[in-house]
Student: 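Provided herewith is a single structure, encoded as C-alpha cells, for subsequent inquiry.
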Amino acid sequence: MREYLRGVLARAGHHAQNVEACIMALFGGVIAYKDKGTHLEVKEHDGDMKNVLRAQIKGKRYAFTYNHDGQCIEMREDSTRGSVKVSFDDNWTLSRIRTLFASL
C-alpha cells in the first residue's frame, strides 16, 4: 500500500494537483472505515499499479479512481463503471471527508 500511495501522490504532483491534498485524507478514510477482515485492492495491469483502489465499506464495494476530464477522484459504487457516489477534489476538507465516511 505504501508503494501504491507514493505512486498516486507522485502522479498527482505532476498531473492532478487539484486532488493532491485530499489524497491523504481519502486514503486515511478508506483505511479507517473499510470493513474488518477485508482487503484493500489495487488494480494492476501488466504488473503496473494503476490509479484504482477498491475497498468494502459497510458491506458495499467502492472503487476510487481519478477522472481526468473532471479532474477529481471519483468514489464509484461496485466498480470503476459503477455510479459515481462522490467526486473529490482539494475543496474537500478533512472534516468533510470524515463526515462522509462516517455516514456511509
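Side chains are part of it too, since the values below use all heavy atoms of this structure and drop only hydrogens, waters and symmetry mates. Source: prediction; values computed, not measured.
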Student: Please name all residues satisfying side-chain contact (heavy atoms from CB on, under 4.5 Å) with S87, sequence neighbours left out, ordered by chain then number.
Tutor: C72, E74, V84
Student: When you measure from the side chain of K85 to the backbone N and O of Y62, does any donor-acceptor pair fall under 3.5 Å?
Tutor: no
Student: Mind checking side-chain contact (heavy atoms from CB on, under 4.5 Å) for I31 and listing every partner two or more places apart, or none if nothing turns up?
Tutor: F27, L40
Student: Which pairs pass side-chain hydrogen bond (donor to acceptor under 3.5 Å, both in side chains) with one or both residues in residues 91-104, sequence neighbours excluded?
Tutor: D89-N91
Student: Looking only at heavy atoms, which two atoms of N67 and D69 are closest? And how far apart?
Tutor: OD1-N, 2.9 Å
Student: Please list, chain by chain and in numerical order, all residues satisfying side-chain contact (heavy atoms from CB on, under 4.5 Å) with C22, sequence neighbours excluded.
Tutor: V19, L26, I73, F88, D90, I97
Student: How about V86 and L100: do any of their side-chain heavy atoms sit closer than 4.5 Å?
Tutor: yes
Student: I'd like to check Y33 versus L104 (side-chain heavy atoms, cut-off strictly below 4.5 Å). Are they in contact?
Tutor: no
Student: For R61, is there an ion pair with E41 - N to carboxylate O distance below 4.0 angstrom?
Tutor: yes
Student: By side chain to side chain donor-acceptor pair (under 3.5 Å), which residues pair with Q56, not counting sequence neighbours?
Tutor: D35
Student: Could you pull out the closest heavy-atom pair between M75 and F64, with the gap in Å?
Tutor: CG-CE2, 3.5 Å
Student: How long is the gap from CZ on R54 to OG1 on T80, to the nearest 0.5 Å?
Tutor: 6.0 Å
